[in-house]
Protein chains: 2
Amino acid sequence: MNANFTTAEKLRKAGLRPTQQRLALAKVLFEGCDKHVSAESLHEDAMKFGISVSLATVYNTLHQFKDAGLLREVAIEGVRSYYDTNTSNHFHFFNEADGELYDIEPGDLKISGLPNLPPGQEIDRIDVIVRLKNKA
Amino acid sequence: MNANFTTAEKLRKAGLRPTQQRLALAKVLFEGCDKHVSAESLHEDAMKFGISVSLATVYNTLHQFKDAGLLREVAIEGVRSYYDTNTSNHFHFFNEADGELYDIEPGDLKISGLPNLPPGQEIDRIDVIVRLKNKA
DNA sequence: TTACATGCAAACTGTTTGCAAATAT
DNA sequence: ATATTTGCAAACAGTTTGCATGTAA
């Protein structure tokens with residue numbers, strides 16, 4: 001039982017062929033601790049590991065992984081999209097000074113007093129971003 | 001006492017010369033109820049009112065109004081930026097089906113149990129987006 | 001062998017910028 | 001008169017797309 005087999009299974013379960021590129025990107029993403037990546041940063045990380053993947057494929061793969069529930073998109077204002085390897089329900093600190101994103105451990109933070117939803121609608125998820133700035 | 005005078009004062013207080021374009025955009029933005037606009041939608045709205053403003057000026061103006069605290073930027077994933085004329089501390093419903101943004105009245109929703117912040121940092125603001133989808 | 005995935009380059013979207021002409025004070 | 005603002009067009013960043021080539025089953 002090696003890691004590649006496990007990763008391949010993971011991809012197969014998600015309905016994705018375990019190709020070289022997808023395996024490589026999955027390795028970068030899911031081995032080790034939770035990460036927040038952009039297309040650009042994932043591409044660079046893959047390069048550092050000596051993996052050759054085109055940026056277009058990185059974009060494709062991010063979408064596929066997201067659609068398969070392996071990644072979660074995080075909405076930070078700005079042009080760039082971020083993806084979080086932690087797909088559980090949790091919230092974020094965003095350091096505005098350096099653009100870094102940190103998880104807030106689930107259970108720490110609670111939301112209460114949500115008003116009634118419009119009829120026919122339900123909550124998909126709740127995004128909470130606590131924006132930090134340097135103390136004045 | 002006419003509306004233009006008031007708007008001009010508002011701009012002047014914000015350190016902005018009350019030019020024709022800024023007055024016109026302020027009129028569209030701040031007369032009537034709270035709005036969520038994108039650069040594109042504001043440009044279109046201005047056109048409908050017979051106001052001639054270039055898109056570049058709309059972008060400039062949105063930034064200036066935001067920096068002056070007259071608007072608040074709302075981070076929804078995606079390429080487009082949204083601005084909210086309601087600058088008070090409040091949260092949002094986002095209807096994923098049609099891309100519409102609605103205010104959640106402040107006071108309804110409470111957040112508790114925030115963990116300690118990194119040293120030297122303080123909260124700038126907390127963004128909460130309750131993402132709605134159509135009931136299955 | 002057949003359907004799917006990749007990589008390149010070109011296209012596209014939203015946004016920003018440089019600079020000459022116009023406007024506010 | 002002077003500094004600021006505007007508008008255009010070009011530049012730009014991130015992302016998406018079309019299509020020929022390569023790969024997995």
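In what follows, every chain begins at residue 1, and chains take the letters A, B, ... in the order their sequences are listed. A quick note: this is a predicted structure, and the numbers were derived from the prediction, not measured.
- The list of ring-ring contact (aromatic ring centres under 6.0 Å, His included) pairs with a residue in residues 46-74 of chain A, not counting sequence neighbours, reads Phe30(A)-Phe65(A).
- For His43(B), the side chain to side chain donor-acceptor pair (under 3.5 Å) criterion is met by no residue, not counting sequence neighbours.
- The residue among Val79(B) and Thr19(B) whose nearest nucleotide of DNA chain C is located toward the 5' end is Val79(B).
- The CG atom of Leu71(A) sits 11.0 Å away from the NE2 atom of His36(A) when rounded to the nearest 0.5 Å.
- Taking Ile, Leu, Val, Met, Phe, Trp and Tyr as hydrophobic and joining them when side-chain heavy atoms fall under 4.5 Å apart, one finds Ile76(B) in a cluster with Val74(B), Tyr82(B), Phe94(B), Leu101(B), Ile129(B).
- Looking at heavy-atom distances under 4.0 Å, Arg17(B) makes contact with a base.
- Contact annotation for Gln20(B): backbone-only contact, meaning every heavy-atom pair under 4.0 Å involves sugar-phosphate atoms and none involves a base.
- Whole-Å rounding puts the Arg80(A) CZ to dT15(D) P distance at 7 Å.
- Between the C1' atom of dT5(D) and the CG atom of Asn60(B) lies a distance of 9 Å, rounded to the nearest Å.
- Between Asp127(A) and His92(A), the side chains place no donor N or O within less than 3.5 Å of an acceptor N or O (distance only, hydrogens not considered).
- Within the 4.5 Å cutoff, side-chain heavy atoms of Glu40(A) are placed close to those of Leu55(A).
- If you check every strand for non-hydrogen atoms under 4.0 Å, Ser81(A) touches sugar and phosphate atoms only.
- Heavy-atom distances to DNA chain D give each of Gly15(B) and Glu40(A) a nearest nucleotide, and the one nearer the 5′ end belongs to Gly15(B).
- Contacts between chain B and DNA chain C, taken as any atom within less than 4.0 angstrom of a protein heavy atom, begin and end at dG14(C) to dT25(C).
- Put simply, CD on Glu73(A) is 12 Å from C1' on dT15(D), counting in whole angstrom units.
- Residue Tyr59(A) places at least one side-chain N or O under 4.0 Å from the OP1 or OP2 atom of dT15(D).
- Only Ala56(B), listed by number, bring a heavy atom of residues 47-57 of chain B to less than 4.0 angstrom from any atom of DNA chain C.
- The environment of CG in Asn116(B) is sparse: at most 12 heavy-atom neighbours from other residues, nucleotides or ligands sit within 6.0 Å.
- Using a 4.5 Å heavy-atom threshold, the side chains of Leu114(B) and Ile123(B) count as touching.
- Rounded to the nearest 0.5 Å, atoms CD (Glu31(A)) and OG1 (Thr6(A)) are 9.0 Å apart.
- Regarding contacts with the backbone of dT15(D), every side-chain N or O of His63(A) stays at 4.0 angstrom or more from both OP1 and OP2.
- Rounding to the nearest 0.5 Å places NE2 of His90(A) at 14.0 Å from CD1 of Ile126(A).
- Protein atom OH of Tyr83(A) is 14 Å distant from nucleotide atom P of dG14(D), rounded to whole Å.
- Note on the helix from dT1(C)-dA25(D) to dT25(C)-dA1(D): terminal axis deviation equals 30°, with five pairs used at each end and the result rounded to 10°.
- Closest approach of Leu117(A) to Glu122(A), counting heavy atoms only: CD1-CA, 3.9 Å.
- Counting non-hydrogen atoms under 4.0 angstrom, His43(B) reaches nothing in the nucleic acid.
- Arg72(A) and Asn89(A) make their closest contact through NH1-CA, 4.0 Å (heavy atoms, listed as atom of the first residue, atom of the second, distance).
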